[in-house]
Amino acid sequence: MALRADDLIDRRRLRRKLTFWRVAALLVAAVAIAAYGFRLFGDSLPGSGADQIAKVRIEGTITEDEELLDRLERIAETDRVKGVILAVDSPGGTTAGGEAIFEAVRRLAEKKPVVAQVGTLAASAGYMIASASDHIVARKSSIVGSIGVLVQFPDVTGLMDKVGIKLEEIKSSPLKAEPSPFNPTTDEERAMIRAMILDSYDWFVGLVTERRPLSRAETERLADGSVFTGRQALDRKLVDALGGEETALAWLKSKGVDTELDVIEWKPKRTTSPYLLVDALLGDAGAGLGLEKGGAALLRALGAERLLLDGLVSLWQPAEGVAGEQ
């Protein structure tokens with residue numbers, strides 16, 4: 001009987017210990033989930049509920065970035081944001097992407113004062129976005145301009161002849177899917193693409209004329225694809241002032257914004273997807289080559305960003321010596 005009582009006491013002790021460790025495991029799991037959620041989304045939150053000046057970085061190749069468009073809309077709807085700094089550092093990108101972000105910035109500027117602060121580069125679609133702000137600040141040595149549009153496509157017909165490859169195709173009309181890298185480009189195809197480019201170019205020039213203190217003729221003289229230093233851009237009225245964030249804040253102050261408020265960067269939300277594994281693997285390869293962390297750095301070094309752009313492009317491309325409208 002005594003043994004049975006001891007067994008019962010041991011079982012109760014074991015049950016209590018098991019319950020303790022189960023509760024402890026649940027708490028650890030909850031903390032881990034909360035930490036992961038903070039890591040995933042925490043840096044995209046704009047901080048406390050206090051009044052603030054929002055800062056948004058627009059960097060790299062411009063595309064129609066739905067997350068960025070959503071972020072700009074949330075800033076516009078947030079009452080505690082009293083002013084906005086757009087930190088622009090971009091060589092440009094797709095014309096449609098620049099148009100979408102331009103329009104989002106204009107909607108934002110209807111509700112709050114917006115100043116663009118140019119870093120190293122605001123060219124092509126990057127300058128288009130900067131011009132959507134109410135005031136543009138650039139460094140003396142910033143690269144600004146490259147107003148224009150281009151389309152590029154390879155011609156691999158010579159290579160196909162050498163390796164003995166022939167393309168067969170059936171299509172509804174001669175201009176369908178043209179120009180193609182697999183066929184020599186005809187004059188009719190060049191005329192079609194040029195008409196499309198010039199239409200987008202005319203629209204781009206109109207945007208700059210509307211947003212800057214320039215006449216149409218003055219804008220057209222500047223819109224030959226040329227790039228300028230910040231000092232040259234100031235002389236040509238493409239920017240409004242020289243300096244950095246402190247100069248941008250001074251302009252916001254002139255618009256009645258309390259510059260003692262904290263400048264809070266609104267960062268993009270992190271997402272989880274299978275592509276993160278690919279990015280991590282590419283990032284390790286890039287690190288081995290001395291590139292910055294992240295697979296995107298390796299892709300940029302290989303020129304993949306340009307290859308993946310779709311449609312009309314407004315992109316400054318110094319590596320090939322190409323700038324502006326072709």
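Starting from 1, each residue takes its place in the sequence as its number.
Remark: the Glu189 side chain and the Asn183 side chain contain no N/O donor-acceptor pair separated by less than 3.5 Å. Under 3.5 Å, the side chains of Trp266 and Gln52 contain a donor-acceptor pair of N or O atoms. Side-chain atoms of Thr209 and Thr219 include a donor-acceptor pair closer than 3.5 Å. A donor and an acceptor atom, one from each side chain of Thr63 and Asp65, are nowhere located under 3.5 Å apart.
Without hydrogens or angle criteria, Thr229 side chain to Gln232 main chain gives a donor-acceptor distance under 3.5 Å. Under a 3.5 Å cut-off, the side chain of Lys237 and the backbone N or O of Asp240 do not form any donor-acceptor pair. Using modelled atom types, no side-chain atom of Lys55 and backbone atom of Ile264 make a donor-acceptor pair closer than 3.5 Å. Listed for the Tyr201 side chain is a donor-acceptor partner under 3.5 Å among the backbone atoms of Ala223. Checked by atom type and distance alone, the side chain of Glu103 never pairs as donor or acceptor with a backbone atom of Ala100 at under 3.5 Å. Between the side chain of Arg106 and the backbone N or O of Ala132 there is at least one donor-acceptor pair closer than 3.5 Å. When atom types are taken as modelled, the side chain of Ser124 and the backbone of Gly126 share no donor-acceptor pair closer than 3.5 angstrom. A donor-acceptor pair under 3.5 Å is formed between the side chain of Ser90 and the backbone N or O of Gly92. Remark: the backbone N or O of Thr157 is paired with a side-chain donor or acceptor of Asp155 at under 3.5 angstrom. Here the side chain of Arg212 pairs no donor or acceptor atom with the backbone of Ser131 at under 3.5 angstrom.
Classification of Glu168 and Lys166 as a salt-bridged pair holds, one side-chain N sitting under 4.0 Å from a carboxylate O. Using a cutoff of 4.0 Å between basic side-chain nitrogens and carboxylate oxygens, Asp79 and Lys111 are not scored as salt-bridged.
Of the inter-residue distances, the one linking Glu64 atom CD with Thr95 atom OG1 reads 11.5 Å to the nearest 0.5 angstrom. Summarising the geometry, atom CZ belonging to Arg216 is positioned 12.5 Å from atom CZ belonging to Arg221; distances are rounded to the nearest 0.5 Å. Note that CG of Leu242 is 8.0 Å distant from OG1 of Thr247, once rounded to the nearest 0.5 Å. In this structure, CD1 on Ile53 lies 8.5 Å from CD on Glu245, to the nearest 0.5 angstrom. Rounding to the nearest 0.5 Å gives a distance of 9.5 Å between OG1 of Thr120 and CD of Glu59.
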### Query
Passes salt bridge (charged side-chain N to carboxylate O under 4.0 Å, His left out), Asp187 versus Arg194? Steps please.
CA-CA 10 Å; Asp187 290 341; Arg194 183 166 180 79; over 6 Å; no
### Message
Apply side chain to side chain contact (heavy atoms under 4.5 Å, CB included) to residues Glu265 and Val56 and explain how you reach the verdict.
### Response
CA-CA 6 Å; Glu265 182 176 348; Val56 179; over 6 Å; no
### Task
Using the side chain to side chain contact (heavy atoms under 4.5 Å, CB included) rule, take Ile136 and Leu238 through it: C-alpha gap first, then chi angles, then the decisive distance, then the call.
CA-CA 8 Å; Ile136 304 177; Leu238 292 175; over 6 Å; no
#### Entry: Worked verdict on Ile129 versus Ile62 for side chain to side chain contact (heavy atoms under 4.5 Å, CB included)
CA-CA 10 Å; Ile129 292 167; Ile62 301 297; 3.6 Å; yes
### Task
Using the salt bridge (charged side-chain N to carboxylate O under 4.0 Å, His left out) rule, take Arg231 and Asp235 through it: C-alpha gap first, then chi angles, then the decisive distance, then the call.
CA-CA 6 Å; Arg231 296 198 307 170; Asp235 290 340; over 6 Å; no
### Message
Please determine whether side chain to side chain contact (heavy atoms under 4.5 Å, CB included) holds for the pair Ile85 and Leu249, giving the CA-CA distance in whole Å, both sets of side-chain angles, and the decisive distance to 0.1 Å.
### Response
CA-CA 8 Å; Ile85 298 174; Leu249 287 170; 3.9 Å; yes
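More than 12 heavy atoms of other shown residues, nucleotides or ligands fall within 6.0 angstrom of atom CZ in Arg236. Taking a 6.0 Å sphere around CD of Glu260, one finds it holds 12 or fewer heavy atoms contributed by other residues, nucleotides or ligands. Other residues, nucleotides and ligands contribute only 12 or fewer heavy atoms inside 6.0 Å of the CD atom of Glu188. The 12-atom threshold is not exceeded at CD of Glu73, counting heavy atoms of other residues, nucleotides or ligands nearer than 6.0 Å. Within 6.0 Å of atom NZ in Lys162, 12 or fewer heavy atoms from other residues, nucleotides or ligands are found, so the atom counts as exposed in its surroundings.
Contact check for Lys253 versus Val257: no side-chain heavy atoms found under the 4.5 Å cut-off. Using a 4.5 Å heavy-atom cutoff, the side chains of Phe153 and Thr185 are in contact. Taking 4.5 Å as the limit, some side-chain heavy atom of Asp134 sits within range of a side-chain heavy atom of Arg211. Looking at Ile58 and Asp89, their side chains never come closer than 4.5 Å, going by heavy atoms from C-beta outward. Side-chain contact between Leu86 and Val114 is present, with heavy atoms from C-beta onward closer than 4.5 Å. With a 4.5 Å cut-off on side-chain heavy atoms, Val115 and Val84 do not count as touching. Contact of the Phe228 side chain with the Leu222 side chain is registered, since non-hydrogen atoms from C-beta on lie closer than 4.5 Å. Between Arg139 and Val118, the closest side-chain pair of non-hydrogen atoms is not below 4.5 Å.
Side-chain heavy atoms closer than 4.5 Å link hydrophobic residues (I, L, V, M, F, W, Y) into clusters, and following such links, possibly through other members, connects Leu69 to Val88. No chain of hydrophobic side-chain contacts below 4.5 Å, direct or via other Ile, Leu, Val, Met, Phe, Trp or Tyr residues, connects Val144 to Val137. One hydrophobic cluster holds both Phe204 and Ile193 under the rule that ILVMFWY side chains link at heavy-atom gaps under 4.5 Å.
Pairing each heavy atom of Gly60 with each of Pro91, the nearest pair is O-CD, 3.6 Å. Across all non-hydrogen atoms, the minimal contact from Ser146 to Val227 is CB-CG1, 3.6 Å. The heavy-atom pair separating Ala138 from Gly230 by the smallest distance is CB-CA, 4.4 Å. Heavy-atom minimum distance, Gly119 versus Ser142: O-OG, 2.5 Å. Nearest heavy atoms, Leu252 versus Gly83: CD2-CA, 4.4 Å. Contact between Met192 and Pro179 at its shortest, heavy atoms only, is CE-CD, 4.4 Å.
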